[in-house]
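First the structure, then my questions, so here it is.
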Amino acid sequence: MSSATIQAQLDAQFATMKDTQTAQFSENRVADLFKPGSYNVQANVGFYTSVAGLGQNPDDVTINGDVTVDAFNASDAGNATQNFWRSAENLAINPSSGTNRWAVAQAAPFRRIDVHGNLALYPASYGWASGGYIADTKVSGQAASSSQQQWYTRDSALGSWAGGVWNMVFSGTSGAPANTFPSPPETTLATTPVSRDVPYLYVDGSGKYRVFEPALRTNASGPSWAAGSTPGTSVPMSQFYVVKAGDTAATINNALSQGCNLFVTPGVYHLNQTLNVTKANTVVLGIGYPTFVPDNGVNAMQVADVDGVRLKGLLFDAGTTNSAALLTVGPTGASAGHAANPTTIQDVFFRIGGEVAGKATASLIVNSNDTVIDHIWAWRADHGTAGTFGWTVNTADNGLIVNGNNVLATGLFVEHYQKYEVTWNGQNGRTIFFQNEMPYDVPNQAAWIGPNGLNGYAAYKVGAGVTSHEAWGLGSYCYFNVNPAVNAYHSFEVPNTAGVKFHDLLTVSLGYVGTISHVINDTGGVTPSGTVPVNVVNYP
């Protein structure tokens, strides 16, 4: 295809996917895949759009131009806080002006990118932004966050970093700033304890499509491809079932039962039965935000307690009949060890309400030991199509429940659930970066009292029996706009024991609409006016 033809297609897609008012909760899904080569194009990236290269390594596909997200619409009022559900992956960018702009909020990963220049993570207007996530990426120039409230960067290489509003977190990233939280609010870990880059589609030297499965890394630093190529295993497409329009839960389960991996193409798939991933090393790889909607109250997906399952690039959207859970990894009581080959959950997103009046008691339950949760956004909608959100409409208790031991979360975004947003019962859990907003729509204090009798529910609760847990770089915000008299006693509720350690955490009252009395347990003061954070450097 000529550059002109490609540009025309990109522009037409963007016109459909651009508008925050009409496209945000549409059922349009698209993936723009570039075969190896160089392209002189400008790609503006709208809702439910994935832009990815099909090379084995990022520099096999070069965009001489930009892959851009900005505050595109007049209704955005210059802000980027609703720039959800879009991604860029596995390509190189030579920015037209020397700087590529990626002004996103949640569920918008920027992975395996080689930016030959600078990277701006804020809108051109310098308006509000609430992002975001970078992994396995190199930026030769400066990455600047400016108006971004929070950001997490993992296993990357930056020429330099500038900016920080409340919570900027880095692990395994050269060029990251020093650990200076809270002033500036930068949290930096030299390495990432466990990571595994995402599986991805590519075209080999003979023109055949394959999926690459990167190897596990421990104490990682820098992009996995820094030495020239990501270590791992290449798998032919003959081992994948391609899920496309017309597929049902029955056809997908049949493929899984035969030992197939799944390659899920853009679309919205309604499920009348649970998808059962039962075999070790199964890959479920989605492109273009394929969306699973459970109907009639079924759970959307269940993963067995087996080694090496890889889930990547999926959106679970709750149906109108309550599901007990959208995704469960391992059965209750799962006990096997998976440290050498864990299940990974990457760029997997959950939505309760927004498009339909969805309901699910829990979004993600992790029972399997050693699971790696690498970039999720679990979101109970605070806005959307009329009639799809509200305290008694899109009901959801919990975003994430972790029962397995030795589970690691790198890039955890959980917002607006009605009880504990994160409950962590497993031993030796670790979280690097947490972003939370409490439910906006609490009608009154009596409707939101925790089981301990305190006001509200903590955003992140570590179970009373846990003796070992550690977390870095955590922010929790309130905005009780339905009733600003509502109060939360604290955002983090943990056992008082030496083995449970929290570093660099904060609370904020957005616009002073409601209050949070303490940060963690009884430590940290009440949120003040002026949208000013209350910071705690270490607990205990």
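The figures that follow rest on heavy atoms only: side chains count, while hydrogens, waters and symmetry mates do not.
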If you take all heavy atoms of W391 and T395, which pair is closest and at what distance?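 Of all heavy-atom pairs spanning W391 and T395, the closest is O-CG2, 3.7 Å.
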
Just checking, any donor-acceptor pair under 3.5 angstrom between side chains of D347 and H375?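 Yes, because at least one side-chain N or O of D347 sits under 3.5 Å from a partner of the opposite role on H375.
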
Check: H490 side chain, H518 main-chain N or O, donor-acceptor pair, under 3.5 Å: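 Not a single qualifying donor-acceptor pair exists.
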
First locate atom CD of Q24, then atom CE of M17, and finally report the distance between them rounded to the nearest 0.5 Å.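 Going from CD on Q24 over to CE on M17, the span is 12.0 Å.
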
Residues F181, N535; criterion side chain to side chain contact (heavy atoms under 4.5 Å, CB included); working and verdict: CA-CA 9 Å; F181 186 90; N535 300 297; 3.4 Å; yes

May I have the step-by-step check of side chain to side chain contact (heavy atoms under 4.5 Å, CB included) for V104 and F110, ending in yes or no? CA-CA 10 Å; V104 296; F110 193 83; over 6 Å; no

Got more than 12 heavy atoms from elsewhere within 6.0 Å of CZ, F240?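 It does: F240 CZ has more than 12 such atoms within range.
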
The criterion is ring-ring contact (aromatic ring centres under 6.0 Å, His included); which residues satisfy it with F84, sequence neighbours excluded?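 So F84 forms a ring-ring contact (aromatic ring centres under 6.0 Å, His included) with W377, W379.
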
If every non-hydrogen atom of V298 is compared with every non-hydrogen atom of T274, which pair is closest and at what distance?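 So the minimum-distance heavy-atom pair works out to CB-OG1, 4.3 Å.
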
Identify the two heavy atoms, one from V366 and one from V407, that lie closest to each other, and give their separation to 0.1 Å.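 That would be CG1-CG2, 4.1 Å.
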
Pair N403, N425: side-chain N/O donor-acceptor within cut-off below 3.5 Å: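 Yes, side-chain donor-acceptor contact under 3.5 Å.
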
Quick one: do D136 and R112 make a salt bridge, cutoff under 4.0 Å?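 Yes, D136 and R112 are salt-bridged.
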
Going from NE2 on H469 to CD on Q427, what distance comes out if it is rounded to the nearest 0.5 angstrom?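 Here the rounded value is 10.5 Å.
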
Using 0.5 Å steps for rounding, measure from the CZ atom of F170 to the CG atom of L189.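 Atom-to-atom, F170:CZ and L189:CG are 11.5 Å apart.
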
Salt bridge (charged side-chain N to carboxylate O under 4.0 Å, His left out) partners for E186, two or more places apart: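 Residues passing salt bridge (charged side-chain N to carboxylate O under 4.0 Å, His left out) with E186: none at all.
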
More than 12 heavy atoms from other groups under 6.0 Å of CH2 on W128: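 Count not over threshold, so no.
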
Tell me, please, which residues at least two apart from A334 pass side chain to side chain contact (heavy atoms under 4.5 Å, CB included).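 Side chain to side chain contact (heavy atoms under 4.5 Å, CB included) list for A334, sorted by chain: D305, P331, N367, S368.
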
For N272 and T248, which I'm curious about, is there any donor-acceptor pair between the side chains at under 3.5 Å?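 N272 vs T248: no donor-acceptor pair found between side chains.
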
Hydrogens and angles aside, do T343 and T371 bring a side-chain donor and acceptor to less than 3.5 Å of each other?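 Not at all, the side chains of T343 and T371 share no donor-acceptor pair under 3.5 Å.
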
Tell me whether the count of non-hydrogen atoms from other residues, nucleotides or ligands lying under 6.0 Å of NZ in K419 goes above 12.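 Check fails, neighbour count at 12 or below.
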
Just checking N452: does its CG atom have more than 12 heavy atoms from other residues, nucleotides or ligands closer to it than 6.0 angstrom?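 Result for CG/N452: enclosed.
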
Taking all atoms of both residues into account, what is the closest heavy-atom pair of V165 and P185, and its distance?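 V165 and P185 have their closest heavy atoms at O-CG, 3.5 Å.
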
Using side chain to side chain contact (heavy atoms under 4.5 Å, CB included), reason through L400 and I373 one step at a time and then give a plain yes or no. CA-CA 10 Å; L400 169 65; I373 304 166; 4.0 Å; yes

For the CG atom of L275 and the CG atom of L314, what is their distance to the nearest 0.5 Å?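 Answer for the CG-CG pair, L275 versus L314, is 9.5 Å.
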
Between E493 and K461, does a salt bridge (charged side-chain N to carboxylate O under 4.0 Å, His left out) hold up when you go through it step by step? CA-CA 5 Å; E493 182 179 322; K461 175 180 169 62; 3.0 Å; yes

Are Y477 and T527 close enough that a side-chain donor and a side-chain acceptor fall under 3.5 Å?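 No, no side-chain donor-acceptor pair sits under 3.5 Å.
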
Going by distance alone, is a donor N or O of one side chain under 3.5 Å from an acceptor N or O of the other, for Y241 and D247?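 Judged by distance alone, the side chains do pair up.
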
K279 NZ: over 12 foreign heavy atoms closer than 6.0 Å: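 Correct, the count exceeds 12.
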
Cation-pi check for F316 against R351: NZ or CZ below 6.0 Å from the six-membered ring centre and within 45 degrees of the axis, yes or no?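 No, cation not above the ring by the 6.0 Å, 45° rule.
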
So which of V393, V293, V356, D295 actually passes side chain to side chain contact (heavy atoms under 4.5 Å, CB included) with T320?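 With T320 as partner, V393, V293, V356, D295 yield a single side chain to side chain contact (heavy atoms under 4.5 Å, CB included), made by V356.
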
Cation-pi check, R380 to Y417: give yes when NZ or CZ is under 6.0 Å from the six-membered ring centre and within 45° of the ring axis, no otherwise.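 No, R380 does not lie over the aromatic ring of Y417.
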
Does the side chain of N296 pick up a donor-acceptor pair with the side chain of T321 at under 3.5 Å?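 Looking only at side-chain atoms, T321 and N296 do not form any donor-acceptor pair under 3.5 Å.
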
Could you verify whether a donor N or O on one side chain and an acceptor N or O on the other, from S224 and R217, lie under 3.5 Å apart?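 No, R217 and S224 have no side-chain donor paired with an acceptor closer than 3.5 Å.
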
Residues T291 and D317: side-chain donor-acceptor under 3.5 angstrom: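 No, no side-chain donor-acceptor pair sits under 3.5 Å.
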
Do E355 and T388 get their side chains close enough for a donor-acceptor pair, meaning under 3.5 Å?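 Result is no, nothing qualifies.
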
To check you understand the geometry: which heavy-atom pair defines the closest contact between M438 and N436, and what is its length?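 That closest heavy-atom pairing would be N-OD1, 3.5 Å.
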
So, do H416 and Y440 have ring centers that fall under 6.0 Å from each other?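 Under 6.0 Å, so yes.
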
Would N299 and S323 count as having a side-chain donor-acceptor pair, cut-off 3.5 Å?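 Short answer, no.
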
Taking F433 as the fixed residue, which of D504, T187, N167 is the one that meets the side chain to side chain contact (heavy atoms under 4.5 Å, CB included) rule?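 It is N167, the one option of D504, T187, N167 that forms the side chain to side chain contact (heavy atoms under 4.5 Å, CB included) with F433.
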
Aromatic plane relationship, F502 with Y460 - under 30° parallel, 30 to 60° tilted, over 60° perpendicular: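 Y460 vs F502 ring planes: perpendicular.
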
Flag, side chain of Q148 to backbone of G132, donor-acceptor distance under 3.5 Å: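 No, Q148 side chain to G132 backbone: no donor-acceptor pair under 3.5 Å.
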
Below 30° counts as parallel, above 60° as perpendicular, anything between as tilted: where do the rings of F292 and Y269 land?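 Ring orientation of F292 relative to Y269: tilted.
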
For the rings on Y289 and W85, is their centre-to-centre separation under 6.0 Å?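 No: the rings miss the under 6.0 Å criterion.
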
Using 0.5 Å steps for rounding, measure from the CG atom of N487 to the CG atom of L454.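 One gets 9.5 Å once the value is rounded to the nearest 0.5 Å.
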
To the closest 0.5 Å, what do you measure between CZ (R86) and OG (S50)?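 R86 CZ to S50 OG: 11.0 Å, rounded to 0.5 Å.
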
Does any N or O in the side chain of S156 come within less than 3.5 Å of the main-chain N or O of T137, such that one atom is a donor and the other an acceptor?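 Indeed, once roles are kept as given, a pair shorter than 3.5 Å links the two residues.
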
With side chain to side chain contact (heavy atoms under 4.5 Å, CB included) as the test, pick out the partner of D374 among R154, K312, R196.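 Result: among R154, K312, R196, R154 is the only option passing the side chain to side chain contact (heavy atoms under 4.5 Å, CB included) with D374.
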
Which heavy atom in L271 sits nearest to a heavy atom in A249, and how many Å separate them?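 In this case the closest contact between L271 and A249 is CD2-CB, 4.0 Å.
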
